[in-house]
Amino acid sequence: MLRPDRRGFLAATGAIAVGMRRPLHHLAGGWSQEPLDPVASSAVRLAAAVRRREISSAELLEAVLTRIDAVNPQLNAVVQLDRDQARVAAAAADRQRASVDRPLHGVPVTIKDSFDVAAIVSTGGTWGRRAYIPAEDATVVARLRRAGAIVIGKTNTPELTAGAETDNRVYGRSSNPYDPTRTPGGSSGGSAAIVAAGGSPFDVGTDTSGSIRLPAHFCGIAGLKPTSGRLSRAGHVLGPDGILQGITQPGPMARRVEDLVMGLGVMAGPDDKDPFVVPMPVRDPAAVSLPGLRVAVFGDNGVVTPDAEIMTAVDEAARILRAAGAVVEEARPDGLAQATEAAFALMTGDGGATLLRVLERWGTEAAHSDLRTALEGLQAMPVGDFTALLERLDHARALMLPFLDRYDLIISPVNVTTAVAHGTSRERVYPGLSYTVPYNVAGWPAGVVRVGTSASGLPIGVQAAAAAWREDLVLAALGQIERETGGWRPVS
């Protein structure tokens with residue numbers, strides 16, 4: 001890997017600029033020292049400002065709505081916006097006494113359109129649901145509301161969340177705020193785009209093969225795929241059942257790592273609808289000691305090689321953790337290629353029957369061209385081949401697991417490239433999902449934070465992963481990297 005020079009620029013390639021180091025953000029509990037900015041501050045900082053009456057919830061809401069009006073025509077990231085109900089909720093929040101046990105009191109948030117939100121059209125990106133208005137919230141949405149959040153609208157997703165680009169027949173295509181000729185990624189692309197552009201401080205995505213982490217990388221924000229079984233999928237367009245449930249998790253998306261910490265704590269835990277959620281405690285990243293932490297880092301996973309800019313960003317993240325006292329070594333888990341192959345076989349091994357059943361259930365007669373292309377020619381595996389596939393998945397998990405005897409944390413690329421031009425993901429981005437999907441197979445938590453900027457001005461993120469239920473290690477590492485590099489940067 002290439003090494004950065006002491007001025008903070010990765011001069012070996014001249015390709016990626018690393019942000020100035022500035023310890024602005026506390027990892028958990030406290031809010032940053034930055035001045036209040038309604039469209040740039042963290043959700044934690046905004047909630048603290050509402051609680052301290054530095055700003056009213058109504059004023060904060062209007063600032064966010066104004067920003068959405070300014071940026072969304074170019075991005076097409078927010079696809080439903082309920083201004084009237086949001087204003088009613090903000091006025092009610094200002095009449096209520098804010099308390100620390102409501103960590104999002106009075107803060108406007110958006111929600112990926114694959115989740116049900118009561119009284120707001122929730123399409124899942126599919127034509128048959130274009131007028132569907134749920135009677136109740138998805139579990140994660142209900143928990144955000146109980147924490148004081150004001151849900152203002154929905155963000156775009158590919159049809160049934162099945163894609164690395166965000167486009168569908170209902171709302172059309174979303175664009176990257178740093179270069180609208182490029183995709184924000186998928187499937188949580190609308191979420192990442194509007195958060196990055198300052199139109200929402202917090203969103204909830206889902207991740208089956210990288211659908212939180214890829215958009216976070218492409219749009220320069222922070223995102224977390226929690227441990228499998230950490231958050232409920234009740235009320236999601238692809239629910240807690242079927243062959244994909246074991247590799248799919250909701251997770252928080254925000255500009256700052258401290259919001260991932262807060263959001264995970266708010267949304268985690270069992271409900272009476274998703275039978276696979278485990279009542280495991282959520283550990284505090286502030287209690288993690290980076291000195292002595294055993295960190296493995298790799299730039300090339302042996303499946304597909306990243307661009308030099310991506311490799312350099314990973315090296316910078318490793319340098320930061322080493323400087324913080326971590327013991328950093330170059331190493332990668334076994335089983336990455338096997339996990340990737342098995343995961344994609346799982347997604348297609350039923351011949352597309354799972355997704356076709358959902359389309360039929362909702363009356364979608366014609367899917368978007370991207371989904372049609374993905375489904376064309378698929379043949380269901382014979383039962384014996386499918387049971388062998390399940391064995392291969394378990395074997396891949398077993399191959400990866402011993403790595404955690406030697407290391408606490410894994411630092412790697414998110415994908416092989418920065419955000420690509422619309423319509424080109426199949427050639428370049430899909431092979432790069434081999435950097436994210438193994439952690440869906442293993443069930444381990446993995447998160448992303450921005451490290452720097454490419455020569456073409458696009459964000460570059462890095463990925464941190466750890467053992468099951470150790471989101472605290474992931475978030476502690478991401479927080480340290482964010483403090484040193486600055487993390488998210490405003491769209492110019």
Side-chain angles (χ1 to χ4, degrees), residues 160-164 186-187 206-214 225-230 233 238-249 251 276 296 298 300-306 331-358 371 373-405 410 412-416 425-426 428-446 463 465-468:
L160 305 184
T161 74
S187 62
T206 55
D207 193 310
T208 300
S209 59
S211 288
I212 287 172
R213 290 162 287 162
L214 179 71
K225 181 202 79 69
T227 304
S228 295
R230 178 68 87 177
R233 290 148 304 178
L238 298 178
D241 46 33
I243 62 172
L244 298 181
Q245 72 80 20
I247 61 174
T248 301
Q249 265 292 287
F276 298 101
F298 65 90
D300 191 321
N301 67 358
V303 178
V304 58
T305 300
R332 71 182 185 220
D334 292 330
L336 298 178
Q338 293 92 327
T340 300
E341 179 277 328
F344 283 107
L346 180 71
M347 294 179 212
T348 59
D350 67 348
T354 296
L355 296 181
L356 290 171
R357 280 195 299 271
V358 179
L371 185 55
T373 299
L375 294 174
E376 281 174 0
L378 291 182
Q379 297 293 322
M381 289 182 179
V383 172
D385 291 347
F386 194 79
T387 57
L389 167 61
L390 299 180
E391 292 167 6
R392 295 205 306 276
L393 281 162
D394 288 339
H395 180 61
R397 294 182 181 106
L399 283 175
M400 293 176 66
L401 197 57
F403 196 75
L404 299 175
D405 293 334
I410 305 167
S412 71
V414 186
N415 203 276
V416 297
S425 290
R426 289 194 176 274
R428 185 64 167 150
V429 175
Y430 275 69
L433 294 178
S434 58
Y435 285 88
T436 49
V437 73
Y439 303 118
N440 298 82
V441 171
W444 301 349
Q463 178 175 225

List the steps, then state whether side-chain contact (heavy atoms from CB on, under 4.5 Å) holds for L214 with V429. CA-CA 9 Å; L214 179 71; V429 175; 3.7 Å; yes

Side chain proximity check, V441 to L393, heavy atoms < 4.5 angstrom: yes

Side chain of K225, backbone of W444: donor and acceptor closer than 3.5 Å? yes

Reported CG-to-CD distance for the pair N440 and Q249, which is rounded to 0.5 angstrom: 9.5 Å

Does a side-chain heavy-atom distance below 4.5 Å link R428 with V416? yes

To the nearest 0.5 Å, how far apart are CD1 in I243 and OG1 in T354? 4.0 Å

May I have the list of side-chain donor-acceptor pairs in residues 384-392 shorter than 3.5 Å, sequence neighbours left out?
unit_1: T387; atom_1: OG1; unit_2: V383; atom_2: O; d: 3.4
unit_1: T387; atom_1: OG1; unit_2: G384; atom_2: O; d: 2.8
unit_1: R392; atom_1: NE; unit_2: E341; atom_2: OE1; d: 3.3
unit_1: R392; atom_1: NH2; unit_2: E341; atom_2: OE2; d: 3.0

To the nearest 0.5 Å, how far apart are OH in Y439 and OG1 in T227? 13.5 Å

Looking at every heavy atom in both L378 and G352, which two are closest together, and how far apart are they? CD1-N, 3.9 Å

Interatomic spacing from CG in L433 to CZ in F344 - rounded to 0.5 Å: 4.5 Å

Given 3.5 Å as the limit, does a donor-acceptor pair link the side chain of D334 with the main chain of L399, or not? no

Testing the basics here: between S228 and G246, what is the closest heavy-atom pair and its distance to 0.1 Å? OG-O, 3.5 Å

Hey, is the main chain of L238 close enough, under 3.5 Å, to the side chain of R233 for a donor-acceptor pair? no

Counting N and O atoms only, with roles assigned by atom type, does the side chain of T208 sit under 3.5 Å from a partner on the main chain of T248, one being a donor and the other an acceptor? no

Nearest atoms (heavy-atom pairs only) where M400 meets A339: SD-CB, 4.2 Å

To the nearest 0.5 angstrom, please state how far the CG atom of N415 sits from the OH atom of Y430. 11.0 Å

Classify the side-chain pair D300/T305 by whether it contains a donor and acceptor separated by less than 3.5 Å. yes

Distance-only, no hydrogens or angles: does the Y435 side chain make a donor-acceptor pair with backbone N or O of V304 under 3.5 Å? yes

With sequence neighbours excluded, residues passing side chain to side chain donor-acceptor pair (under 3.5 Å) with Q463: R213, S412

Closest contact, heavy atoms only, I212 versus D207: N-OD2, 3.1 Å

Nearest heavy-atom pair of A162 and L371: which atoms, and what distance? CB-CD1, 3.9 Å

P306 versus P413, closest heavy-atom pair with distance: CG-CG, 3.9 Å

Ignoring hydrogens and angles, state whether a donor on the side chain of S211 or S187 is under 3.5 Å from an acceptor on the partner side chain. yes

Rounded to the nearest 0.5 Å, what separation is found between the CG atom of L355 and the OG1 atom of T348? 10.5 Å

